[in-house]
Amino acid sequence: MLCNRIKQFREYNKLEPAGLAEILDITVELYNEYETGRSFPSIDIIEKLARCYKVTIDEFYGYTPRLTLHTEKQDAFFDENVEEATLKMSDLSWDEAKLILMYRNTSDKDKIVKIISEEADKNLD
């Protein structure tokens with residue numbers, strides 16, 4: 001899970017492993033091990049990544065604090081401009097998140113929709 005989240009944040013922010021390795025002051029090989037799950041980053045590395053992406057450390061582990069707000073008092077702090085689907089991004093599988101990221105990062109959205117539709121049609125047959 002952690003390795004997938006590290007990769008998702010990098011791809012969403014359109015960064016390359018080499019650039020992040022430089023920011024983190026580690027080798028590209030070690031960074032790639034984090035993304036593949038062959039090695040786990042220290043809390044110091046996770047903290048640096050969280051600062052880089054302006055997220056909480058919890059979000060690397062799939063926890064989104066806004067999802068737990070249930071009382072009226074807490075709801076007052078809820079950002080109404082954030083779509084529910086965005087808040088549930090951490091609930092997606094890696095394949096689902098990858099499709100969304102691909103869609104968001106392309107200028108030819110119709111092409112992505114066509115590819116997804118064709119794949120869905122194949123799987124329904």
Neighbour count above 12 (heavy atom, 6.0 Å) for Lys114 NZ: no

Atom CG of Asp25: over 12 foreign heavy atoms under 6.0 Å: no

Note, [X] side chain near [Y] side chain (heavy atom, < 4.5 Å):
X     : Y     : answer
Leu2  : Ile46 : yes
Ile26 : Leu20 : no
Pro41 : Leu24 : no
Leu49 : Phe9  : no

Cluster check Leu15, Val28: I/L/V/M/F/W/Y, side chain < 4.5 angstrom: no

Cluster link Ile57 to Val55, ILVMFWY, side chain under 4.5 Å: yes

Evaluation steps, side chain to side chain contact (heavy atoms under 4.5 Å, CB included), between Thr56 and Glu59: CA-CA 5 Å; Thr56 66; Glu59 290 178 86; 3.3 Å; yes

Sequence-distant partners of Tyr31, side-chain hydrogen bond (donor to acceptor under 3.5 Å, both in side chains), two or more places apart: Glu35

Donor + acceptor pair across side chains of Thr36, Glu33 (<3.5 Å): no

Considering all heavy atoms, the nearest Gly37-Cys3 contact: N-CB, 3.6 Å

Under 3.5 Å donor-acceptor, Glu22 side chain and Gly19 backbone: no

Interatomic distance, Arg5 atom CZ to Arg10 atom CZ [nearest 0.5 angstrom]: 14.5 Å

Pairwise distance CG(Asp110) to OG(Ser117) - rounded to 0.5 angstrom: 10.5 Å

